[in-house]
Peer 1: 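My questions all concern the structure below.
So that the names make sense, note that chain A is the first sequence line, chain B the second, and so on, each numbered from 1. On a predicted model such as this, the values are computed, not experimentally measured, just so you know.
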Amino acid sequence: MRPLLLAALMLALWPLEIRAQNFSLNAHGTVASAVSVARLSDLAFGATAIVPGTATSVTPANGARIRVDFNEPTTVTAPDFVMIAGPGGALLRVDLVCAQDPTPSAAAPTAFAAPCAGGFIPPISGNVGGTHYIYVGGTVAPAASASLRAGSYAGTFAVTASYVNY
Amino acid sequence: MSRLHGRRSNARRPRPARRALALLALLAAAPAAAGAQYAVAQVQPLAFGYLTQGVTEIVAPTDAFRRGVLTLDGPGQAWIRLVLPTALTSALGATIPLQFLTGDVTAQETGKPPAAFDPTTSTRVNLSKGTASLFIGGRAVPAADQRAGDYTATMTIIVSSTKF
């Protein structure tokens, strides 16, 4: 084919290609955050008496259990200790020990890498959220109960889930 | 012998008149191509808004607030086709499937009511009477435990002066 003829053919075809133009349009949506924390059982030292001046503890597996449902990364925290009140306003310090497991009745849940206040982020990957369980045990140090009045002690602490709100 | 070679060589060269004619033809064709330019503007994106986990969210092409709207300007007629996304995607890589069914995409020429068309095949739009609009609805299908976050997608409209 002669060069001029070839050039003419190419130039004749060229406009067909540049006539097609592309443009973009956006679509968007938002999935709202859905995080909940539910208490399954309390931390209870039970009928076992705390002997003043001696240590008493409840392991996380036998302590409080909390269910956390989440659909985004969530940091779950509890306080490092709680003061529970007894007769005449006496206060007893209970140091909390936190652990976690994906199942609700783990015999040996995994301890938090940090103290309870340092928190734990349940694993999440891919498209969906999930459910995780937090276990909270407690320890009464000998010094905390050394000169304590006899009686029944009770208190509350909060387990908190923090997340970005969509 | 040498004269014969000279004649053959001259015969292969294009004549000046023929070359000029070809050049004129090319110059005449070029403006036609440049004239077939289209302008597409996004009036509003396709907005599914807040999605409920496990609930399919449907945006109709008649939903004035949430449908995607494009305007198309240009000479004569245009052939259009849409490349629709299969999913919304979050910054963390989570996805929500999208569905576009028959009737979810409509085109409206000036002076006419919107008419549904198959966005996956080349469809003709008459622009000789003015701007045409495209209305895009669709369905987002989040999972029952869909991850929270903002999700986005991009769709592409291809416009041509010829069927493709």
Side-chain angles (χ1 to χ4, degrees), chain A residues 1-38 67-76 102-104 121-133 161-166, chain B residues 12 14 18-19 22 25-26 29-30 32-34 36-42 45-53 57 68-70 72 79 82-83 85 88 90 93-96 98 134 136 138 140 142-162 164:
Chain A
M1 190 178 288
R2 292 182 175 178
L4 188 64
L5 192 60
L6 182 64
L9 186 64
M10 286 172 67
L11 280 167
L13 293 173
W14 170 70
L16 289 179
E17 287 189 353
I18 67 155
R19 278 181 197 143
Q21 300 162 55
N22 291 359
F23 303 92
S24 293
L25 175 71
N26 299 319
H28 60 77
T30 300
V31 175
S33 306
V35 178
S36 65
V37 179
R67 172 179 169 144
V68 181
D69 294 290
F70 52 92
N71 70 344
E72 64 171 303
T74 301
T75 303
V76 184
T103 62
I121 301 174
I124 184 171
S125 63
N127 270 0
V128 298
T131 298
H132 217 86
Y133 296 87
S162 305
Y163 55 93
V164 176
N165 192 32
Y166 287 101
Chain B
R12 278 183 191 147
R18 195 188 299 169
R19 189 184 293 172
L26 293 175
Q37 293 293 311
Y38 299 99
V40 175
Q42 175 179 285
L46 171 57
F48 288 100
Y50 269 101
L51 300 166
T52 304
Q53 292 174 315
E57 187 68 32
V69 181
L70 288 172
L72 173 60
W79 294 83
L82 290 168
V83 180
L88 293 166
S90 76
T95 58
I96 298 174
L98 290 177
L134 297 184
I136 302 164
D145 47 2
Q146 185 71 46
R147 192 168 177 167
D150 292 323
Y151 291 75
T152 60
T154 301
M155 53 192 83
T156 302
I157 175 172
I158 304 169
V159 186
S160 172
S161 60
T162 55
F164 60 99

Peer 1: Do B/Thr152 and A/His28 come close enough that some side-chain heavy atom pair is under 4.5 Å?
Peer 2: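 The answer is yes, as the side chains (C-beta and beyond) meet within the 4.5 Å cut-off.
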Peer 1: Let me know if B/Phe164 has heavy atoms under 4.5 Å from chain A in its side chain, its backbone, both or neither.
Peer 2: neither
Peer 1: Tell me the closest heavy-atom pair linking A/Val128 and B/Ala143, and the distance in Å.
Peer 2: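 Here A/Val128 and B/Ala143 meet closest at CG1-CB, 4.3 Å.
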Peer 1: Can you name the nearest heavy-atom pair linking A/Ser24 to B/Gln42, along with the distance?
Peer 2: O-OE1, 4.0 Å
Peer 1: Can you tell me which portion of B/Ile157 sits under 4.5 Å from chain A's heavy atoms? Options are side chain, backbone, both or neither.
Peer 2: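 Backbone plus side chain of B/Ile157, per the 4.5 Å heavy-atom cut-off to chain A.
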Peer 1: What part of B/Gln146 is in contact with chain A, defined as an atom under 4.5 angstrom from a non-hydrogen atom: side chain, backbone, both or neither?
Peer 2: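 Both parts, backbone and side chain.
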Peer 1: With B/Leu98, which residues qualify under side-chain contact (heavy atoms from CB on, under 4.5 Å), at least two apart?
Peer 2: B/Phe48, B/Pro85, B/Leu88, B/Phe100, B/Ala140, B/Ala153
Peer 1: Looking only at heavy atoms, which two atoms of A/Phe23 and B/Tyr38 are closest? And how far apart?
Peer 2: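 Taking every non-hydrogen atom into account, CZ-O, 3.5 Å.
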Peer 1: Measuring only between side-chain heavy atoms, which start at C-beta, is A/Asn71 closer than 4.5 Å to B/Asp145?
Peer 2: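 In short, these two side chains do not touch, never coming nearer than 4.5 Å.
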Peer 1: For the residue pair A/Tyr166 and B/Tyr50, what are the closest heavy atoms and their distance?
Peer 2: C-OH, 3.2 Å
Peer 1: Need one label for B/Leu82: side chain, backbone, both or neither, based on atoms under 4.5 Å from any heavy atom in chain A.
Peer 2: neither
Peer 1: At a 4.5 Å cut-off on heavy atoms, which part of B/Val69 comes close to chain A: side chain, backbone, both, or neither?
Peer 2: backbone
Peer 1: So which atom in B/Gly68 and which in A/Leu25 form the shortest heavy-atom distance, rounded to 0.1 Å?
Peer 2: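 It is CA-CD2, 4.3 Å.
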Peer 1: Measure B/Ile136 against the heavy atoms of chain A and call it side chain, backbone, both or neither at under 4.5 Å.
Peer 2: side chain
Peer 1: Answer yes or no: is there a side-chain heavy-atom contact under 4.5 Å between B/Arg147 and A/Pro73?
Peer 2: yes
Peer 1: Provide the closest heavy-atom pair for B/Ala94 versus A/Asn127 in the form atom of the first, atom of the second, distance.
Peer 2: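 Between these two residues, the closest heavy atoms are CA-OD1, 3.1 Å.
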